[in-house]
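Here's the structure we're looking at; comments come further down.
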Amino acid sequence: MKLYIGGVCQGQEELARKENPGGEFFFDFHETIRNAVMKDQQDPRAFARSFCDEHPQAIVVANEVGAGVVPMLAQDRAFREAVGRALCKIAQEAEQVTRCVCGIGVRIK
């Protein structure tokens with residue numbers, strides 16, 4: 001498994017495609033978490049564990065949603081926390097984690 005993270009429009013999707021042609025991609029994974037975890041009120045860590053077990057060769061691409069101003073709405077704060085918790089688990093399981101800034105990948109694992 002490989003994880004690519006970065007801010008909105010920082011080039012993580014393009015970098016992931018370039019480095020992993022023909023891979024099993026999961027783009028906008030933060031939205032997958034919103035749809036799967038937030039709607040059903042699942043534990044984000046349990047969701048991530050299941051995802052890792054089901055997709056060990058996945059290339060996961062997600063936006064960093066935890067930086068910046070803390071949202072006023074409780075549901076928006078819960079979303080940020082769920083994404084953070086799920087991505088921590090995926091990063092632990094991943095063989096490679098890359099943070100993308102201005103289209104440049106910085107390998108952090």
Side-chain angles (χ1 to χ4, degrees):
M1 178 173 295
K2 296 180 182 178
L3 173 61
Y4 290 81
I5 58 170
V8 176
C9 299
Q10 288 296 307
Q12 59 269 32
E13 182 175 329
E14 293 82 359
L15 183 63
R17 285 182 193 276
K18 180 180 174 186
E19 291 184 351
N20 304 283
E24 179 188 16
F25 291 100
F26 292 87
F27 297 112
D28 296 324
F29 198 73
H30 55 286
E31 293 298 335
T32 300
I33 294 166
R34 181 191 309 272
N35 294 330
V37 173
M38 300 301 294
K39 287 184 180 177
D40 296 336
Q41 297 183 343
Q42 293 183 47
D43 174 16
R45 289 178 216 113
F47 170 77
R49 275 192 294 277
S50 294
F51 178 85
C52 291
D53 291 343
E54 293 171 17
H55 305 281
Q57 300 301 315
I59 295 112
V60 176
V61 181
N63 288 354
E64 291 178 306
V65 298
V69 177
V70 177
M72 290 178 56
L73 298 176
Q75 67 190 24
D76 292 339
R77 290 191 303 274
F79 168 64
R80 279 173 44 141
E81 292 169 12
V83 170
R85 288 186 174 101
L87 290 181
C88 282
K89 180 60 182 165
I90 289 172
Q92 289 172 353
E93 298 295 322
E95 66 187 57
Q96 172 187 316
V97 179
T98 303
R99 184 166 191 257
C100 192
V101 179
C102 297
I104 299 170
V106 179
R107 186 86 20 99
I108 56 177
K109 178 180 177 186

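Computation of the quantities below employed the complete heavy-atom set of this structure, encompassing side-chain atoms and omitting hydrogens, waters and symmetry-equivalent molecules. If you're wondering where the values come from, they're calculated on a predicted model, not measured in any experiment.
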task = With sequence neighbours excluded, give me every side chain to side chain donor-acceptor pair (under 3.5 Å) pair touching residues 72-85.
result = none

Sequence neighbours excluded - side chain to side chain donor-acceptor pair (under 3.5 Å) pairs with any residue from residues 43-60 = Glu24-His55

Steps toward side chain to side chain contact (heavy atoms under 4.5 Å, CB included) verdict (Leu3, Phe29) = CA-CA 10 Å; Leu3 173 61; Phe29 198 73; over 6 Å; no

query = Between atom CD of Glu13 and atom CG of Asp28, what is the distance when rounded to the nearest 0.5 Å?
reply = 6.5 Å

inquiry  = Once side-chain contact (heavy atoms from CB on, under 4.5 Å) is applied, do any residues pair with Ala86, and if so which ones, sequence neighbours excluded?
reply    = Ile33, Pro44, Ala48

request  = Please check if the side chain of Gln12 supplies one atom and the backbone of Gly6 the other of a donor-acceptor pair under 3.5 Å.
outcome  = yes

query = Mind checking what makes salt bridge (Lys or Arg N to Asp or Glu O under 4.0 Å) contact with Arg99, not counting sequence neighbours?
reply = Glu64

task = Determine whether Ile90 and Met1 make a side-chain contact, defined as any pair of heavy atoms from C-beta on separated by less than 4.5 Å.
result = yes

inquiry  = Do Val106 and Val101 have side chains that approach each other closer than 4.5 Å (heavy atoms only, starting at C-beta)?
reply    = no

task = Please lay out, stage by stage, how Arg34 and Glu31 fare under the test salt bridge (Lys or Arg N to Asp or Glu O under 4.0 Å).
result = CA-CA 5 Å; Arg34 181 191 309 272; Glu31 293 298 335; 2.9 Å; yes

Other cluster members, Phe25 - Ile/Leu/Val/Met/Phe/Trp/Tyr, side-chain contacts below 4.5 Å = Tyr4, Leu15, Phe27, Ile59, Val61

Pairs where residues 59-104 contributes a residue and the test ring-ring contact (aromatic ring centres under 6.0 Å, His included) is met, not counting sequence neighbours = none

request  = Say whether Ile5 and Ile104 are linked into one hydrophobic cluster, either directly or through other cluster members, by side-chain heavy-atom distances under 4.5 angstrom.
outcome  = no

inquiry  = Show, in sequence, the C-alpha distance, side-chain angles and deciding distance for Phe51 and Thr32, and conclude whether the side chain to side chain contact (heavy atoms under 4.5 Å, CB included) test is met.
reply    = CA-CA 11 Å; Phe51 178 85; Thr32 300; 6.0 Å; no

key: Neighbour count >12 (heavy atoms, 6.0 Å) for atom CD, Glu95   = yes

